Amino acid sequence: MELGYITAAAAAEAVRKREIAARELVESFLGRCTALNGRINSFIHIFEQEAMDQAEVVDERIKGGEALPLAGVPVALKDDLCYSAGPTSWGAAALKDFHPPYTAAAVEKLIAAGAVIVGKANLDPFSLGFSTAASLAGPTVNPRNPDLPAGDGAAAAVAAGQCLLALSSDSGGALRIGADRCGIFGLRPTTGLVSRHGLCTAAPSFAQVGIAAREAADIELALQAIAGYDPRDAATAAVKEGIPAAQKRSAAKELKIGFPEAVFDLLPEADRASFEKYRAKLEASGAAVVAVELPLFQEALHAYCVIAAAEASSNLGRFDGIRFGIPEAEANMEDWYHKTRGRIFDLEAKRRSIFGTHLLSGENFDAYYRQAQKVWKLVRRSFAAALEHCDLLVLPVAVSPGNGCEAGGDFLASYQEKLFCAPVSLSGLPSLCVPAGDGAATAAGLQLVGKPYEEAALIALADRAAL
Amino acid sequence: MVMEYEVVIGLEVHVELMTKSKLFCACPNRFTTEANSHTCEVCLGFPGALPLLNREAVQKALTASLALNCEIALHSYFDRKNYFYPDIPKGYQISQYFIPLGSSGFLEIEDDSGAPKKIRIGRVHLEEDAGKLVHGGAGDSAVDYNRAGVPLIEIVSEPDLRSPGESRRYLEQLKSILQYAEVSDCKMEEGSLRCDANVSLRPKGSTVFGNKVELKNMNSFKAVEKALEYEIERQAQILRRGETVIPQTRRWDEDKQVTIAMRDKYQATDYRCFPDPELAPIELTAGEVEAARRALPEFPAQRKSRYMAEYGLPAYDAGVLTATRGMAEYFEACLKLYDDPKSLSNWIMGDFSAHLNAAGLEPQEAPLTPAYMAALLQMIDKQLISGKIAKEVMAKVFATGKSPREIVEGEGLLQITDQSELEKLVDEVIAANPDSVQSYRSGKTKALGFLVGQVMQATKGKANPQLVNKLLAEKLK
Ligand SMILES: [Zn+2]
C-alpha cells in the first residue's frame, strides 16, 4: 500500500478491517512528517510520542468493536487550534510555552472519530496573514513548486502527504488560498456549522474551522465528524436541532451554476481564460450555467479589512505581558505595555492593532466601522439574492501566482489578494476550494460557493466535474 | 447648607447580581479567600475560549430594570469597552454601551421636607466586573481574577438629586428595592454595591450646570453623604471667592474626612466601544418582560401602607416589619396561621428579632418557623402558658429546634389552672406570710402583689396569674 497517496476514507477502512494497525499507519506518516519537514517546513511541532500513544488507543477501540469513521487517519492542525496534548503557540511570541488546558471542539470530535493528531502546522503570527512569510519558524515551502509560496502550513502538509487531513482556520481566505496554491481541496464551512471553541482568532466575526484534504470525499468524511451543535459556541445554536438536510440532487444536469461575470473581469487576462475552460467543463458535465450579479463585491474587501482590523485591535489587547508573554516589568504601566507589546507583537499585529484602534476611535467609528457593518449586511443579502437564481456560485480563489503580489510586497497590495475570498467570508456561506487547471501550480483555482449547509452539493460537484 | 447655590447630584451605582455563576462562564459567583480559584479559560481571557451568556443574569437585570420603572429594550447587545489595566483579563470590559437593557426609569424618594419626589433613572445596563489588584508591601502588585466576569448592573440616575440627604435616601431606597427583588444583597461594605457621585453647584435659578466633580471611594452610605457634604462646601468656597471649580475626579479619604484630587483634569479616554462579535444579542419577548413584571414582589413602600391600612399597625411597626423582604414574608406567613397582627408584631420586633440577631440568622432560617410562632402565641391566648413562660419557650426553640408544644409538655410548663390545686398553694402562702396578710387587710393593696408573686414562685411561674389573683382576693376578704 503506497500510504502517502491513500485517501483518508480508504486508510480508515483498512484500519477498521484491521488490514493495517493504526500504529503502523501513523508511524509511517510520522516518518514523512519528520523526513520532509526540513525541506517543507509545514510543521512547527510534531507529536511523535503522543501520536503513537493515540494510535494505540485507536487500535484498542477497533478491537473493542467501535466503528470509527476516521480510524487511525493522521491529521495536522494549524497551530491556532488548541490541543491540550502540547503547546499552542498561535505562531506568536506572546504565546510562547502556552499549553492550553482545553482542546478545540472540532479536534475533540476528530479524535472521538478515531483520527490521530500528528502535528501543529506553520502559520503567520496570530493567524494574521496567508503566506507564513512572517512565521517565527520561517515560511512553509510549497510542496508542488518550491519557487511558489505555500500559503497555509496545514494545506502544505496535506499536499506533501505528511497527513491525510488537516484542520485549518479561514477568516479572510487563508485556508482556501493555501489549498489553492498547494493544489488540494479546502472547505470553509457555513458560519455556525462547526464549533469555534478552542480556535484562537483575532477576527471572531469571520474565523471558521475549515478542512483540507486531497480528495473531496475526505472533506465530507471529516465534516461529518466535526459539524454540529456545541454548547460552548453560541454561534452553533442554529444547528441545535440538527443540521438542515441539503436538497437531494442526483445528477449534475439538475444543477444551475451561477457565474458572476463582473467578478471575473477583475482577474488578469490569463486567469480569465482558465475560467472559460472551467465553464466549458461544467456545461459539458450537464449543469446549466447562468449569469448572476454580486453588487458591492469590491467594497466587501474593504468592509472585511475594516472589521477584521477593529476586532484584531481588541482581541489582541489581552496580550499585555500580565498573563501571556514575558513582560518588560516597568513601574509605570504605560511603559510596561509599550515595551512588552512592542516586543511580543510582530509587524502585522502592530499594524492591525494601530489600524483597528484608529478605526474604532470616536471620530472614525461611524465613517468606517459602522459603514463597514452596513456593507457587510448588504453583501450577505447580495449573495443570498444571487443564490435565488442558481444552486451554487463559481468564484476565483485568488489571482494565480506570478500575476498578483508576492510576499515582501506592499501590505495594502497583499490585502488585495483576499479580493475573492473575503466577500465569501462576509456572506457566511460554505465555500469549497477546488484544485483545477489540470494540476498546474500556476493556474488560477476556483471556489464553489453554496447555500447554507449545502456543503455536500459542493463536494459532489467537485468530485464529478473533474475541473 | 449653602443657600446661594443649588446643589446638583447624579449617582452611578454598580450592583453585583446574586447569580449562581459568572456572566459569561460557569465559574461560581461566590466570594472566596483563595485567589484565582474561581476562574477558568473564559474569565481569564485565554485565546480560543468563547463567552456564553448567563440567562439568569439577564433575568435579574430585567427584574431590576422593571423594579426601577424602566422601559425595556427587547433587543439589546453587549459592547466591548477597550482599555488597558491589569485587572481586566481581556484588554476590554464587556458592557452595554449603545443600548442599555433598561432606560427612562425612576425611583421615588422623600425630599428633605418629607415630600415625595421622583428621581429619574437614565439607564440600567448589564456588564462584567473586573478583577482585583492586591498591592504588596514592597511596591509589587498581584492580581486576583475571582471577581472578573461577575455580573453587575450599572444604574445611572439623572442629575435630579439636590442634597446629600436626598442622595442617601436614594441609595437606601435603591438598596431596599434591589434586595426585595432578590437582585443583589447590596452590601456596600463588602463591595456588592458601589457608588460614584457627580456633584456640581450652580447659582439658584440658573438652568446651566456648573463644572462637575466625580467622587469615588466611598465605602458606606454615610461616607457618600459625608463626602457630598464636604465637596459641596469646598465648591461653594471656591465659587464664593469668584474662582472656577476644576472638573476632576476626587477620592474620598475616610480617615481624614476630605476629598482629594485623583486626576487633575478629565483624561479624555476613548474606549473604542463596539459590539462584541463573540456574543449573540440579548433578545427578549414582550411575554418574558410581562412575566418578569408579574413576578415582581410587593415593594416596601406599598407593603408598609398596606400593613397600616389592612392590619391597623402603627407606622413604626409597619416600617420595621417591611424593612426587609425576609421579615415581611415571615410576618405574613405567621399571619396566615395567627390573626392578631399587633401581638404578632410585638413578638417579632421584640424577642424574635433579638434571637435572630444573636444567632446571625435570616427570618427564613429561624428554628422558630411561622407555624411554631403561631402555636406559641395561641398557647398564650388559651392561657396554657404565660407571656413570661412563652419567652423562655421561644429561647428554647432557638436553642434546640424543638417545637414549642414539645418543650412546654416535655418540661411541664403548662399553666396550672386547676382551682383546687392552686387553692392549696394559696392557703399555704397565706399561712406563711402573716405580716403581708396583715398589711393587705389594713388597706395596703400592694401587699397582694407580693403574695401573688409567692404563689407564682412556688409554681415556677406556671400558675395562671389571673386565677391566683382572684383566689387570694377572695380568701383575704
Ligand atoms: Zn470563569
Side-chain angles (χ1 to χ4, degrees), chain A residues 80-82 88 90 92 94-95 98 100-105 126 195-206 230-235 237 307 310-311 313-324 329 331 333-334 336-337 341 356-365 369-370 373, chain B residues 24-26 36 39-55 77-94 97-98 130-131 133 138-145 148 267-283:
Chain A
D80 53 9
L81 281 153
C82 292
T88 294
W90 200 2
L95 279 169
F98 172 57
Y102 44 89
T103 293
F126 300 115
S195 170
R196 295 161 308 150
H197 164 76
L199 172 65
C200 305
T201 179
S205 282
F206 307 118
D230 174 18
R232 295 165 296 185
D233 180 358
I307 296 169
E311 292 184 357
S313 75
S314 174
N315 262 39
L316 300 183
R318 69 194 68 194
F319 302 110
D320 57 5
I322 306 281
R323 282 149 295 108
F324 297 105
M333 286 313 290
E334 284 290 308
W336 170 306
Y337 294 135
R341 290 167 64 81
T357 298
H358 176 71
L359 293 168
L360 286 174
S361 60
E363 65 270 30
N364 299 318
F365 184 79
Y369 183 81
R370 277 250 188 264
Q373 289 283 341
Chain B
F24 300 114
C25 61
N36 295 309
T39 56
C40 70
E41 60 262 33
V42 175
C43 58
L44 287 176
F46 277 30
L50 292 168
L52 273 177
L53 178 58
N54 174 355
R55 289 301 298 197
Y77 51 85
F78 287 101
D79 304 295
R80 293 182 178 180
K81 193 174 158 183
N82 296 285
Y83 64 99
F84 291 106
Y85 202 67
D87 67 359
I88 55 164
K90 300 185 291 292
Y92 56 84
Q93 180 200 23
I94 302 178
Y97 175 78
F98 291 104
L133 287 187
D140 56 336
S141 299
V143 203
D144 178 1
Y145 291 109
Q267 279 175 336
T269 315
D270 187 339
Y271 290 112
R272 296 169 282 126
C273 292
F274 74 107
D276 193 316
E278 291 180 348
L279 283 160
I282 307 173
E283 309 284 359

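Naming: A, B, ... by sequence-line order, numbering from 1 per chain. What you are looking at is a predicted structure, and each value in this text was computed from that prediction instead of being measured.
- For chain B, no part of A:L81 is nearby; none of its heavy atoms comes within less than 4.5 Å.
- For chain B, no part of A:A202 is nearby; none of its heavy atoms comes within less than 4.5 Å.
- In this structure, chain B has no heavy atom under 4.5 Å from any part of A:T88.
- Contact of B:Y92 with chain A is made through the side chain alone, with heavy-atom distances under 4.5 Å.
- If you measure heavy-atom distances from B:Y145 to chain A, the contacts under 4.5 Å come from the side chain alone.
- At least one donor-acceptor pair under 3.5 Å links the side chain of A:Y337 to the backbone N or O of B:Y85.
- The distance from the CG atom of B:D270 to the CD atom of A:E363 is 7.0 Å, given to the nearest 0.5 Å.
- Residues forming a side-chain hydrogen bond (donor to acceptor under 3.5 Å, both in side chains) with A:Q373 (at least two apart in sequence, or on another chain): A:Y369.
- Around the CZ atom of B:F84, the shell of radius 6.0 Å holds more than 12 heavy atoms that belong to other residues, nucleotides or ligands.
- For A:W336, no part lies near chain B; criterion is any non-hydrogen pair under 4.5 Å.
- Note that CZ of A:R232 is 9.5 Å distant from CG of B:L50, once rounded to the nearest 0.5 Å.
- Residue B:N82 holds its CG atom at 11.5 Å from OG of A:S361, rounded to the nearest 0.5 Å.
- When heavy atoms are compared at a cutoff of 4.5 Å, B:I88 approaches chain A solely by way of its backbone atoms N, CA, C and O.
- Here B:F98 and A:F365 bring their ring centres to under 6.0 angstrom of each other.
- Applying the side-chain hydrogen bond (donor to acceptor under 3.5 Å, both in side chains) rule to B:R272 yields no partners; only residues at least two apart in sequence or on another chain are considered.
- Between A:P204 and B:E278, the shortest heavy-atom distance links the atoms CB-CG, 3.5 Å.
- In this structure, chain B has no heavy atom under 4.5 Å from any part of A:D80.
- Most heavy-atom pairs under 4.5 Å with chain B: of the set A:G356, A:G198, A:A104, this distinction falls to A:G198.
- Contact tally against chain B (heavy-atom pairs below 4.5 Å) for A:R323, A:R196, A:E334, A:H197: the top residue is A:R323.
- Nearest approach of A:I322 to B:P86, heavy atoms of both residues: CD1-CB, 3.8 Å.
- Heavy atoms only, all atoms of each residue included: A:F324 and B:P47 are closest at CZ-CD, 3.8 Å.
- Heavy-atom pairs under 4.5 Å with chain A were tallied for B:C40, B:P89, B:A49; the largest tally goes to B:P89.
- Counting heavy atoms from C-beta outward, B:F46 and A:P100 have side chains that stay 4.5 Å or more apart.
- Proximity of B:F274 to A:R370: side-chain heavy atoms (C-beta onward) are nowhere separated by under 4.5 Å.
- Here CZ of B:R80 is found 7.0 Å from CD of A:E311. Values are rounded to the nearest 0.5 Å.
- The residue among B:C273, B:P275, B:G45, B:P51 with the most heavy atom pairs within less than 4.5 Å of chain A is B:G45.
- Contacts with chain B were tallied for A:C82, A:S314, A:G317; A:S314 has the most, counting heavy-atom pairs under 4.5 Å.
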